[in-house]
Amino acid sequence: MRAPPSSPGCLGSWQDLHMAEQGGTGQEAEGAVRGVPGTRGEGFTGPGEERAEAWAELVATARRTVADGLVVGTSGNVSVRVGDTVLVTPSGVPYDRLTPADVTGVDLEGRQVLGTLVPTSELPLHLAVYRTTDARAVVHTHAVHATAVSTLVDELPAIHYMAAALGGPVRVAAYATYGTPELAGNTLRALDGRTGCLMRNHGTLTHGAGLDQAYDRTAQLEWMCRVWLSASSVPGLAPALLSREQLAEAGERLRGYGQRG
């Protein structure tokens, strides 16, 4: 098992990735960080410091999906866009083992430009979202309640006004084998006008302007699915649902929610 990021067995900090790209770790002769090709500048887009910070945030978000019970093991995946480079979790690597040296990135056509680890098998799904939306971050999970709901309905019933934060009623993308262009296409159709959807017999996908927003939308979606399942399980009763007009009104109010400036 690799040492954790702060241990002597790997780069001392996430900032070391940026320092190495600038030749600041004593590796000037090789011009590369362990596991990261082209650290003198070849194949990169955007400032090295921004990439290093984005990778650190991506790893923290991926670990959070495990800690919050939204994924099991290495299921699910997370990505963030920095310029024309998409940083993405690698395939089959436990998130608690990821270090700055494991940075994995591709361009928008899927060509690997950072690292040596194989990107997630759901790379076509992530790239499809980036090519067709203004997303800067994508979170895909196998959350239990959301996955359960995806097997029951074609659209999450409007159990709570937070559905408006995702653009409206949350659709369920038709099933397709994971990692395929067909799944990417089905998911894009479910995402039309939305920032999140369920994936039939699979899980969730949300996107946002950053990792925090994308993750929050994932957590809200899982929570709404749990509420609907809980309410629907009461014998002899059916949960009250919101109308599309009520959701639209909530959406207007949510646009002004939070701190300004």
Side-chain angles (χ1 to χ4, degrees), residues 65 68-71 76 78-79 81 122 125-126 128-176 182-260:
T65 64
D68 290 351
L70 299 179
V71 303
V78 178
S79 67
R81 181 173 176 176
E122 293 290 11
L125 179 61
H126 288 254
V129 174
Y130 288 119
R131 292 189 195 113
T132 57
T133 74
D134 59 357
R136 308 303 293 184
V138 174
V139 176
H140 164 50
T141 77
H142 294 174
V144 173
H145 300 92
T147 303
V149 170
S150 79
T151 70
L152 298 172
V153 295
D154 294 326
E155 182 178 280
L156 173 64
I159 193 71
H160 195 273
Y161 65 78
M162 282 305 295
L166 299 176
V170 179
R171 307 183 188 104
V172 179
Y175 179 80
E182 182 183 4
L183 176 61
N186 292 349
T187 303
L188 286 181
R189 283 187 284 276
L191 283 173
D192 185 26
R194 306 287 186 267
T195 55
C197 72
L198 301 178
M199 302 159 70
R200 179 84 70 200
N201 298 89
H202 190 153
T204 68
L205 185 136
T206 60
H207 64 80
L211 283 164
D212 282 346
Q213 186 179 62
Y215 184 86
D216 182 67
R217 286 170 172 167
T218 295
Q220 292 285 355
L221 179 52
E222 167 67 356
W223 178 82
M224 285 189 289
C225 288
R226 184 176 183 181
V227 169
W228 181 71
L229 287 171
S230 298
S232 299
S233 68
V234 179
L237 295 176
L241 302 176
L242 301 177
S243 68
R244 289 182 181 269
E245 291 74 21
Q246 288 170 323
L247 280 181
E249 182 181 358
E252 287 297 324
R253 292 182 65 85
L254 284 169
R255 272 190 272 277
Y257 178 78
Q259 301 298 313
R260 294 174 176 80

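Just so it is clear, the structure is predicted and the values come from calculations on it, not from any experiment.
- When side chains are defined from C-beta on, Pro169 counts as touching Arg194, because their heavy atoms get closer than 4.5 Å.
- Minimum heavy-atom separation, Ala214 to Val139: CB-CG2, 3.8 Å.
- Using a 4.5 Å heavy-atom threshold, the side chains of Leu70 and Tyr215 count as touching.
- For the side-chain hydrogen bond (donor to acceptor under 3.5 Å, both in side chains) test, no residue two or more places apart in sequence or in another chain qualifies with Asp192.
- Not a single salt bridge (charged side-chain N to carboxylate O under 4.0 Å, His left out) links Asp216 to another residue, sequence neighbours left out.
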Give the C-alpha distance, both sets of side-chain angles, the deciding distance and a yes or no for salt bridge (Lys or Arg N to Asp or Glu O under 4.0 Å) between Glu155 and Arg244. CA-CA 13 Å; Glu155 182 178 280; Arg244 289 182 181 269; 3.6 Å; yes
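- A salt bridge (Lys or Arg N to Asp or Glu O under 4.0 Å) check over residues 131-150, counting only residues at least two apart or in different chains, returns nothing.
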Without placing hydrogens or testing angles, list every side-chain donor-acceptor pair under 3.5 Å for residues 159-167, not counting sequence neighbours.
residue, atom, partner, partner atom, Å
His160, ND1, Met162, N, 3.0

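- The main-chain N or O of Ala135 is never found under 3.5 Å from a side-chain atom of Arg81 such that the two would form a donor-acceptor pair.
- Between Leu156 and Leu221 there is a side-chain heavy-atom pair separated by less than 4.5 Å.
- Residues Arg217 and Thr204 form no side-chain contact, since every pair of their non-hydrogen atoms from C-beta on lies 4.5 Å or further apart.
- Side chains of Leu125 and Thr187 form a contact here, defined as non-hydrogen atoms less than 4.5 Å apart.
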Distance-only criterion, 3.5 Å: show the donor-acceptor pairs between side-chain atoms of residues 222-231 and protein atoms not counting sequence neighbours.
residue, atom, partner, partner atom, Å
Glu222, OE1, His145, N, 3.4
Glu222, OE1, Ala146, N, 2.8
Glu222, OE2, His145, N, 3.1
Glu222, OE2, His145, ND1, 2.7
Trp228, NE1, Ser232, OG, 3.2
Ser230, OG, Arg226, O, 2.9

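- Side-chain atoms of His140 and His202, non-hydrogen and from C-beta on, do get closer than 4.5 Å to each other.
- Tyr175 is not listed as a side-chain neighbour of Asn186, based on a closest heavy-atom distance of 4.5 Å or more.
- Partners of Ser243 under the side chain to side chain contact (heavy atoms under 4.5 Å, CB included) rule, at least two apart in sequence or in another chain, are Glu245, Gln246.
- Checking side-chain atoms of Arg200 against main-chain N and O of Val153 turns up a donor-acceptor pair under 3.5 Å.
- Here the side chain of Thr151 pairs no donor or acceptor atom with the backbone of Asn201 at under 3.5 angstrom.
- Screening His126, Glu122, His207 against Ser79 for a side chain to side chain donor-acceptor pair (under 3.5 Å) leaves a single residue, His126.
- Closest heavy-atom contact between Val170 and Cys197: CG1-CA, 3.7 Å.
- Only one option out of Thr218, Thr141, Thr195 pairs with Thr206 in a side chain to side chain donor-acceptor pair (under 3.5 Å); it is Thr218.
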